[in-house]
Q: 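Okay, handing you the structure first.
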Amino acid sequence: MSPMSSGSWQEAVAVQEELRPLVDLVGPGPAAPATVAGLDVAYEKSGELLAAAVTVLDARTLAVVDSAVSVGRPAFGYVPGLFAFRELPALLAALDRLTTLPALLVCDGHGLAHPRRFGLACHLGVVTGLPAIGVGKTPLVGEWAPPPIERGAWSPLRDGGDVVGRVLRTRAGVKPVFVSVGHRMSLANATAQVLALTPRYRLPETTRTADRLCRDALAGAV
DNA sequence: GCGACAG
DNA sequence: ATCTTGTCGC
């Protein structure tokens, strides 16, 4: 048993191997989702507490139309590659408290751009059945060439002979983000959705609003 | 064996 | 993720 876990890392890996075949890599996903959800988690400095937040935005206006939070304890120690086991329980609890059902999940972390092709975005997608994409700030696996400096430019993220995602420039001249498919979404559509969610900042409005919410919730919980 | 390693 | 001061720039 690893620290703060509900199981061993071997068991967690087994769960990933078991759920990986359930990822839908065929569905292109909604071209024009009505609503898009952002999910993020904030930790207390000691690491004892965490707050998970979900914000649902109107995909057209990017206004927040629904949101929910859940405060709890990390369900697993931080292990790169097993990240989902740490945040999933709290994220699912927050999703349950939502009044609306979002058409797309934008996760703070990777999807297929994962050692076993089953990152947080895949896990969340399979468990909820909703289309999901992963947007990471830093890479976990893969190699890539720097995309051209203009917004919208991208380069393939390759790992072990697979294209597992795209390194996307959401702002001209600013460090790119790592986009990968989670569930029921094509990589091209995932890219389009992320660009639609980044009219001004590097990170999607969904993650920005969720980030603010879980930080505030954590501050209010302590 | 030695690094790298989502948040 | 979180700990942290100043600093450059719009």
Side-chain angles (χ1 to χ4, degrees), chain A residues 2-5 9 12-13 15-16 19-20 23 38-55 69-94 105-126 132-144 151 157-160 162 164-168 170-183 190 194 199-204 206-219 221-222:
Chain A
S2 61
M4 289 189 290
S5 70
W9 66 267
V13 170
V15 169
Q16 293 183 325
L19 297 180
R20 177 174 52 185
V23 173
L39 305 89
D40 192 25
V41 173
Y43 293 84
E44 178 196 32
K45 59 181 180 182
S46 69
E48 296 296 300
L49 281 180
L50 64 72
V54 184
T55 53
V69 298
S70 171
V71 177
R73 305 269 174 191
F76 207 91
Y78 172 62
V79 182
L82 299 180
F83 182 55
F85 294 87
R86 186 170 172 75
E87 305 191 339
L88 206 59
L91 287 171
L92 291 176
L105 263 32
V106 177
C107 310
D108 194 31
H110 302 288
L112 294 179
H114 175 277
R116 287 171 295 281
R117 308 290 181 264
F118 196 74
L120 174 66
C122 297
H123 207 142
L124 219 33
V126 166
I133 65 181
V135 180
K137 297 180 286 296
T138 61
L140 174 58
V141 297
E143 300 127 30
W144 70 95
R151 165 179 151 80
L157 175 60
R158 294 195 172 82
D159 182 55
D162 302 323
V164 298
R166 285 180 181 177
V167 183
L168 177 66
T170 53
R171 287 201 67 191
V174 173
K175 192 194 341 178
V177 298
F178 299 77
V179 179
S180 60
V181 167
H183 186 57
V194 171
R200 181 170 180 186
Y201 299 102
R202 177 192 177 223
L203 298 179
T206 37
T207 30
R208 288 171 49 78
T209 53
D211 179 76
R212 280 194 53 177
L213 182 56
C214 59
R215 290 198 192 208
D216 291 346
L218 194 58
V222 176

Q: Given C:dC3, B:dA6, B:dG7, identify the nucleotide with an atom nearest to the side chain of A:Arg86.
A: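 Between C:dC3, B:dA6, B:dG7, the one nearest the side chain of A:Arg86 would be B:dG7.
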Q: I want to check something: taking the side chain as every heavy atom from C-beta on, are A:Trp144 and A:Arg158 in contact at a cut-off of under 4.5 Å?
A: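 Not touching, per the 4.5 Å side-chain cut-off.
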Q: For B:dC5 and A:Thr138 - does any side-chain N or O of the residue sit under 4.0 Å from the phosphate oxygens OP1/OP2?
A: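 Negative; the distance criterion is not met.
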Q: Starting at CG of A:Leu120 and ending at P of B:dC5, how long is that distance when rounded to a whole Å?
A: 19 Å
Q: Give the rounded distance in Å between these two atoms: CZ of A:Phe85 and C1' of C:dA1.
A: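 In whole Å, C:dA1 C1' and A:Phe85 CZ are 19 Å from each other.
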Q: Can you tell which of C:dC3, C:dA1, B:dA6 lies closest to the side chain of A:Phe83?
A: B:dA6
Q: Just wondering, are more than 12 heavy atoms of other shown residues or ligands nearer than 6.0 Å to CZ in A:Arg20?
A: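 Enclosed: over 12 neighbouring heavy atoms sit under 6.0 Å from CZ of A:Arg20.
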Q: Under 4.0 Å, counting only non-hydrogen atoms across every strand here, what does A:Gly119 touch: a base, just sugar-phosphate, or nothing?
A: base
Q: Taking atom P of C:dA1 as reference, at what distance in whole Å does atom CG of A:Leu203 sit?
A: 9 Å
Q: Heavy atoms under 4.0 Å, any strand shown: does A:Leu82 hit a base, just sugar-phosphate, or nothing?
A: base
Q: Hey, do the aromatic rings of A:Trp9 and A:Phe85 have their centres closer than 6.0 Å?
A: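 No, they do not, as the ring centres are separated by 6.0 Å or more.
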Q: Ring-on-base stacking between A:Tyr78 and C:dA1, under 5.5 Å between centres and under 30° between planes: is it there?
A: no
Q: CG of A:Asp211 versus P of B:dG7: gap in Å, rounded?
A: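 Result: 12 Å.
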Q: Quick one: closest heavy-atom pair of A:Arg202 and A:Lys175, and the distance?
A: NE-O, 2.9 Å
Q: Kindly write out the residues that satisfy ring pair (Phe, Tyr, Trp, His ring centres under 6.0 Å) with A:His114, not counting sequence neighbours, or none if the list is empty.
A: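 In terms of ring pair (Phe, Tyr, Trp, His ring centres under 6.0 Å), with neighbours along the sequence ignored, A:His114 is linked to no residue.
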Q: Once you round it to whole Å, what is the distance between P of B:dA4 and NE2 of A:His110?
A: 17 Å
Q: What's the CG-P distance between A:Asp108 and C:dT2, to the nearest Å?
A: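 In whole Å, C:dT2 P and A:Asp108 CG are 10 Å from each other.
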Q: Go through B:dG7, B:dA6, C:dC3 for me and flag the one nearest to the A:Lys137 side chain.
A: B:dG7
Q: Whole Å only: how far is the OH atom of A:Tyr201 from the C1' atom of C:dC10?
A: 11 Å
Q: Can you tell me the distance, in whole Å, between the CG atom of A:Asp40 and the P atom of C:dT2?
A: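 After rounding, the gap between these two atoms is 8 Å.
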